[in-house]
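Here the structure is a predicted model, which means the values were calculated and not measured. All heavy atoms count here, side chains included; hydrogens, waters and symmetry mates do not.
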Amino acid sequence: MRNMRWARVRLPPPALDAALALAFAAVSLLLGQKPPPLAGWHGLNAYGDVLTLLVNLPIAARSRAPVTVTVVVCGMWAVFVDAGYWPVVNCLAPLLALYTVASLRSLRVAVSCALIMSSVWWYAGATARETSMVTYVAQSILFSAVMIRFGVAARVSAKRADQLAAMAERLRAEQEDRARRAVVEEQGRIARELHDVVAHHMSVISVQAGMAGYVFTSDPATARSALRTISATTREALQEMRRMLKVLRADEPDGGSASYDPMPSVAALGEMVERIRSAGVDVDLRITGEPRPLAPGVGLCAYRVVQEALTNVLKHTSPAARATVLVDYLPHHLAVSVTDDGSPPDPATPAGATAGIQPTGGHGLIGMRERARLYGGTVTIGPRAEGGFGVHLTLPTSAREVRDVQRRED
């Protein structure tokens, strides 16, 4: 980007203009030392040298005041011609001044300056003895047209460079904005994964710990069973957390060689249901249709939605509640529903077993909707007319169905 900004600079640095002025003055002085090839003109003397410097040295300010420099240079050139010196000696400075005007100002201004320069040329032709006026007029028109053409081309090129630089700046800003959005989306994805993993397993642990403490003296066998469930749930939670950390550390030198466990999918719902049953909630898992392999993202989405729904059942209903998980493999979709009978929490149940968010709000339900939308699906969450609460998820399982859903949303 820094190189692009230097390329956008239209005006040469002052040092370059000063060097050009000195170079033009030196060339003109050297050219003036030779006898003029045409009669009627005389070579340079001290006065001619001074006029030559006055014609060429203003070029040093051409970038800052191109029109003024052109007028001054042409005026001094006219004095030089009027003094009887050969006009060609100092013709380079007016041509460069006209080019500068054409490259920095409008075409109308450049044509006006070209008329000023041509008038000096015509005056030189009118005072010449051996060269016809037609030659001077043709030269003035030709040289003026060439200088204006090159100047306009330089101005257009500079304008395009400005446009390219502006486009590059916008592209850089858009790339930074996309990078920021990607970071935010990734943070949201990680937050949803952490919520799903931690909330579910901690809910099971909380219920089992409350139950173990509640029956610790009256029913030691049940207490030991609850502790075994806590131990197994803790190991599973740690395993999922390690898998997530491996993914987050994929850029580390030793991260690429780590082995990754498969992401949970619909096939792992049986283990989840058993874990919820061990916490005291009767869960019925039903699978209809012809089971088939699912895309990893689709399977993970269905798994997490069921996990969040059962976690809410565990936290907000009594141990006597009944829940049903129905997975239906449709031809082009996967339909998943989790419903419960709405049994209220038992007042005698330990407080730690029912702590949690309400089913009508929280990050978990927001995560359900975001997951479903990410994979082109829909989710319906709310109370049922016959009592209880229900979560209904529909996910397309083919690329064509995903495109159709996205097209309808657009």
>> Using every non-hydrogen atom in the two residues, find where A302 and V336 come nearest and quote the distance to one decimal.
In response: CB-CG2, 4.2 Å
> Can you tell me how far the OG1 atom of T311 sits from the CD1 atom of I276, to the nearest 0.5 Å?
Replying inline: 5.5 Å
> Can you find a pair of side-chain heavy atoms, one from P264 and one from Q307, that are under 4.5 Å apart?
Replying inline: no
>> Please determine whether side chain to side chain contact (heavy atoms under 4.5 Å, CB included) holds for the pair L22 and L57, giving the CA-CA distance in whole Å, both sets of side-chain angles, and the decisive distance to 0.1 Å.
In response: CA-CA 7 Å; L22 293 175; L57 292 183; 4.1 Å; yes
>> Strictly distance-based, threshold 3.5 Å: is any side-chain N or O of S28 a donor or acceptor partner for the main-chain N or O of A25?
In response: no
> Between the side chains of R62 and T100, does any donor sit under 3.5 Å from an acceptor?
Replying inline: yes
> Can you name the residues that form a salt bridge (charged side-chain N to carboxylate O under 4.0 Å, His left out) with R224, not counting sequence neighbours?
Replying inline: none
> What is the minimum heavy-atom distance between R292 and P331, and which atoms define it?
Replying inline: NH2-O, 3.5 Å
> What residues form a salt bridge (charged side-chain N to carboxylate O under 4.0 Å, His left out) with D49, not counting sequence neighbours?
Replying inline: none
>> Do P66 and R105 have side chains that approach each other closer than 4.5 Å (heavy atoms only, starting at C-beta)?
In response: yes
> Between A154 and S103, what is the shortest heavy-atom contact and its length?
Replying inline: CB-CB, 4.1 Å
>> Applying side chain to side chain contact (heavy atoms under 4.5 Å, CB included), can you list everything that pairs with L269, at least two apart in sequence or on another chain?
In response: V266, M272, L285, Y303, V306, V327
> Got a sec, which residues hit salt bridge (charged side-chain N to carboxylate O under 4.0 Å, His left out) with R108, two or more places apart in sequence or on another chain?
Replying inline: none
>> Closer than 4.0 angstrom, basic N to acidic O: yes or no for D282 and R322?
In response: yes
>> How long is the straight-line distance from CZ of F24 back to SG of C91, given to the nearest 0.5 Å?
In response: 9.5 Å
>> Using the side chain to side chain contact (heavy atoms under 4.5 Å, CB included) criterion, which residues pair with R384? Sequence neighbours excluded.
In response: T339, E386
> Nearest heavy-atom pair of L104 and S63: which atoms, and what distance?
Replying inline: CD1-O, 3.9 Å
> Are side-chain N/O atoms of D284 and T324 paired as donor and acceptor at under 3.5 Å?
Replying inline: no
> CG of L107 to CD1 of I148: how many Å apart, nearest 0.5 Å?
Replying inline: 6.5 Å
> Does Y99 have any ring pair (Phe, Tyr, Trp, His ring centres under 6.0 Å) partners at least two apart in sequence or in another chain, and if so, which?
Replying inline: none
>> If you compare all heavy atoms of E308 against all heavy atoms of M368, which two are closest, and at what distance to 0.1 Å?
In response: CG-CE, 3.0 Å
> Do S265 and L300 have side-chain heavy atoms sitting under 4.5 Å apart?
Replying inline: no
>> Quick check for you: to the nearest 0.5 Å, what is the distance between M117 atom CE and L95 atom CG?
In response: 5.0 Å
> How about R178: does its CZ atom have over 12 heavy atoms from other parts shown lying under 6.0 Å from it?
Replying inline: yes
> How about Y329: does its OH atom have over 12 heavy atoms from other parts shown lying under 6.0 Å from it?
Replying inline: yes
> Is there any salt bridge (Lys or Arg N to Asp or Glu O under 4.0 Å) pair reaching into residues 85-98, and which pairs are they, with sequence neighbours excluded?
Replying inline: none
>> Among V88, T127, V89, exactly one meets side-chain contact (heavy atoms from CB on, under 4.5 Å) together with W41. Which residue is that?
In response: T127
> For L53 and L29, what are the C-alpha separation, side-chain angles and deciding distance, and is it a side chain to side chain contact (heavy atoms under 4.5 Å, CB included)?
Replying inline: CA-CA 8 Å; L53 293 177; L29 290 173; 4.1 Å; yes
>> Please report the interatomic distance CZ(R369) to CG(L393), rounded to the nearest 0.5 Å.
In response: 12.0 Å
>> Suppose we screen for side-chain hydrogen bond (donor to acceptor under 3.5 Å, both in side chains). Which residues come up paired with D82, at least two apart in sequence or across chains?
In response: Y123
> Just how far is it from atom CG of N90 to atom SG of C74, taken to the nearest 0.5 Å?
Replying inline: 11.5 Å
>> Taking the side chain as everything from C-beta on, heavy atoms only, tell me whether V391 gets closer than 4.5 Å to T380.
In response: no
>> If you define the side chain from C-beta out and look only at heavy atoms, does anything of F143 sit under 4.5 Å from L98?
In response: no
>> Using modelled atom types and a 3.5 Å cut-off, is there a donor and acceptor pairing between side-chain atoms of T52 and backbone atoms of G48?
In response: yes
>> Suppose we screen for ring pair (Phe, Tyr, Trp, His ring centres under 6.0 Å). Which residues come up paired with Y85, at least two apart in sequence or across chains?
In response: H42, F80
> Taking it one step at a time, do V137 and W122 satisfy side chain to side chain contact (heavy atoms under 4.5 Å, CB included)?
Replying inline: CA-CA 6 Å; V137 171; W122 299 338; 3.7 Å; yes
>> Restricting to non-hydrogen atoms, name the atom on C113 and the atom on V67 that form the minimum distance, rounded to 0.1 Å.
In response: SG-CG1, 4.2 Å
> Partners of A385 by side chain to side chain contact (heavy atoms under 4.5 Å, CB included), sequence neighbours excluded?
Replying inline: none
> In this structure, are over 12 heavy atoms from other groups packed under 6.0 Å from E271 atom CD?
Replying inline: no
>> So does T378 get a backbone contact from the side chain of R373, meaning a donor-acceptor N/O pair under 3.5 Å?
In response: no
> Can you tell if the side chain of V120 reaches within under 4.5 Å of the side chain of P94, non-hydrogen atoms only?
Replying inline: no
>> For a side chain to side chain contact (heavy atoms under 4.5 Å, CB included) check, start with the C-alpha distance between D17 and I59, then their side-chain angles and the critical distance, and finish with the verdict.
In response: CA-CA 7 Å; D17 285 344; I59 293 297; 5.7 Å; no
>> Please determine whether a side-chain nitrogen of the Lys or Arg among D162 and K159 lies less than 4.0 Å from a carboxylate oxygen of the Asp or Glu.
In response: no
> For L115, what residues pass the side chain to side chain contact (heavy atoms under 4.5 Å, CB included) criterion, not counting sequence neighbours?
Replying inline: none
>> For the backbone of P87 and the side chain of W77, can you confirm whether one donor and one acceptor N or O come within less than 3.5 Å of each other?
In response: yes
> Listed by chain and number, what are the salt bridge (charged side-chain N to carboxylate O under 4.0 Å, His left out) partners of R160, not counting sequence neighbours?
Replying inline: none
>> Just so I know, are the side chains of T70 and I116 near enough to count as touching, which here means a heavy-atom distance under 4.5 Å?
In response: no
> Do the charged groups of R172 and E176 touch, with an N to O distance under 4.0 Å?
Replying inline: yes
